[in-house]
Amino acid sequence: MPNQEEYSEMLYTEDELLLEVKQAIADYGMPEVSIAPGYGRLLSMLIRLSRSTRILEIGALGGYSGICLCRGFASGGQLTSLELKAEYARLAHSHLAKAGFGESVEYKIGPALDSLKGLEAEGRTFDFFFIDADKENYPNYLEYAIRLASPGAIIAGDNIFLRGRTLNTDKNGPAVQAMRRFNEMIASDERLTSTLLPAYDGLALAMVK
């Protein structure tokens with residue numbers, strides 16, 4: 001008997017391009033940690049519903065989430081993607097180009113906190129944020145997202161349960177503690193309206209007031 005997530009995915013035709021991205025990630029020996037298909041569809045829907053045009057992605061990996069993000073915005077939208085590793089950004093860009101979004105994305109290479117500091121110095125603001133990078137910096141990424149947000153911007157953070165470790169009181173490593181702090185921040189910060197979605201590995205959603 002399928003679980004809820006498996007049942008959900010059975011209702012949708014597999015996306016050939018996104019499957020190709022996942023296969024390339026595996027072939028290159030990269031971490032196979034792309035956003036779950038159901039949440040990828042949700043990102044596209046949220047961007048379209050909110051009419052967001054300036055998107056900031058923290059963590060490009062192979063481009064799976066980048067394609068989902070770009071599929072949501074209207075003509076003229078722009079994705080800014082922060083990625084630590086240049087080789088990951090190159091692979092991601094090749095996939096976004098194949099999806100028709102090669103001219104709609106810019107990559108900033110290096111530690112994300114450095115890139116975020118630079119974006120803030122430039123006075124850049126964004127309508128939608130997707131956080132899916134090193135977990136120990138999630139609380140810092142959330143704070144930057146709030147500061148860089150246009151009014152009503154949406155913030156999404158993936159993997160908030162860390163495959164159960166967040167909920168396991170016996171697990172207290174740096175990533176787990178940071179994720180607990182992130183979840184507590186997003187739930188209690190008065191600058192946000194938020195919720196946590198429990199499917200897959202969890203997704204935090206917030207709107208900046």
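Just so you know, these numbers use all the heavy atoms, side chains as well, and skip hydrogens, waters and symmetry mates.
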Go through the steps to decide whether Leu119 and Phe126 satisfy the test side chain to side chain contact (heavy atoms under 4.5 Å, CB included), and finish with yes or no. CA-CA 10 Å; Leu119 291 169; Phe126 299 88; 4.2 Å; yes
Step by step, would you call Met179 with Arg165 a side chain to side chain contact (heavy atoms under 4.5 Å, CB included)? CA-CA 10 Å; Met179 189 58 73; Arg165 286 182 291 150; over 6 Å; no
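Nearest heavy atom pair, residue Lys135 against residue Pro139, reads O-CD, 4.3 Å. The heavy-atom pair separating Ser150 from Asp127 by the smallest distance is OG-OD1, 2.9 Å. Nearest heavy atom pair, residue Gly77 against residue Ser104, reads O-CB, 3.8 Å. Listed here is the closest heavy atom pair of Ala133 and Tyr141: CB-CE1, 4.0 Å. Here the closest heavy-atom approach between residue Asp158 and residue Gly202 is recorded as OD1-O, 3.4 Å. The two residues Phe73 and Leu79 make their nearest non-hydrogen contact at CE2-N, 4.1 Å.
Under a hydrophobic clustering in which Ile, Leu, Val, Met, Phe, Trp and Tyr are joined whenever their side-chain heavy atoms come within less than 4.5 Å, directly or via other members, Tyr138 and Val208 fall into the same cluster. Cluster annotation: Met185 is connected to Leu192 through the hydrophobic network of ILVMFWY side chains, with a link wherever side-chain heavy atoms come within less than 4.5 Å. Under the 4.5 Å side-chain heavy-atom criterion for ILVMFWY residues, a single connected hydrophobic cluster contains both Leu42 and Met207. A chain of hydrophobic side-chain contacts below 4.5 Å, direct or via other Ile, Leu, Val, Met, Phe, Trp or Tyr residues, connects Ile35 to Leu96. By the rule that hydrophobic residues join a cluster once side-chain heavy atoms approach within less than 4.5 Å of another member, Met30 and Ile58 end up as members of separate clusters.
Expressed to the nearest 0.5 Å, how far CD1 of Ile160 lies from CG of Leu196 amounts to 4.5 Å. Of the inter-residue distances, the one linking Asn137 atom CG with Leu142 atom CG reads 12.0 Å to the nearest 0.5 angstrom. Note: Glu106 CD to Leu82 CG = 9.0 Å, rounded to the nearest 0.5 Å. Interatomic distance, CZ of Arg180 versus CG of Leu167, reported as 8.0 Å (0.5 Å rounding). Rounding to the nearest 0.5 angstrom, the gap separating the CG atom in Leu91 from the CD atom in Glu83 is 10.0 Å. Summarising the geometry, atom CG belonging to Leu148 is positioned 8.0 Å from atom OG1 belonging to Thr125; distances are rounded to the nearest 0.5 Å.
A 4.5 Å side-chain heavy-atom check between Leu116 and Asn140 finds every atom pair outside the cut-off. Between Leu162 and Lys171 there is no side-chain heavy-atom pair separated by less than 4.5 Å. Pro37 has its side chain out of reach of Leu18: every pair of non-hydrogen atoms, C-beta onward, lies at least 4.5 Å apart. A heavy-atom distance below 4.5 Å is found between the side chains of Asn172 and Gln177. Between Asp132 and Val33, the closest side-chain pair of non-hydrogen atoms is not below 4.5 Å. Side-chain contact check for Pro31 versus Tyr88: some heavy-atom pair is nearer than 4.5 Å. Using a 4.5 Å heavy-atom cutoff, the side chains of Leu84 and Pro111 are in contact. The shortest side-chain heavy-atom distance between Ile47 and Ser52 falls under the 4.5 Å cut-off.
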Can I get a per-line list of side-chain donor-acceptor pairs under 3.5 Å for residues 60-71, giving both atom names and the distance, sequence neighbours left out?
{"from": "Ser65", "atom 1": "OG", "to": "Glu57", "atom 2": "OE2", "distance (Å)": "2.4"}
{"from": "Arg71", "atom 1": "NH1", "to": "Asp15", "atom 2": "OD2", "distance (Å)": "2.5"}
{"from": "Arg71", "atom 1": "NH2", "to": "Asp15", "atom 2": "OD2", "distance (Å)": "3.1"}

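Under the 3.5 Å distance criterion, the side-chain polar atoms of Glu5 are left unmatched by any main-chain donor or acceptor of Ala199. The main-chain N or O of Glu136 is never found under 3.5 Å from a side-chain atom of Asp134 such that the two would form a donor-acceptor pair. A distance-only check finds no donor-acceptor pair linking the side chain of Lys209 to the backbone of Thr193 [under 3.5 Å].
Contacts of Tyr200 classified as ring-ring contact (aromatic ring centres under 6.0 Å, His included), with partners at least two apart in sequence or in another chain: Tyr39. Applying the ring-ring contact (aromatic ring centres under 6.0 Å, His included) test to Phe128 and every residue at least two apart in sequence or in another chain returns nothing.
Counting non-hydrogen atoms of other residues, nucleotides and ligands closer than 6.0 Å to NZ of Lys117 gives a total of 12 or fewer. Heavy-atom contacts from other residues, nucleotides or ligands closer than 6.0 Å to CZ of Arg51 number 12 or fewer. Taking a 6.0 Å sphere around CD of Glu122, one finds it holds more than 12 heavy atoms contributed by other residues, nucleotides or ligands. Within a 6.0 Å sphere centred on CD of Glu6, other residues, nucleotides and ligands contribute more than 12 heavy atoms. Counting heavy atoms of neighbouring residues, nucleotides and ligands inside a 6.0 Å radius, atom CZ of Arg48 does not exceed 12 of them.
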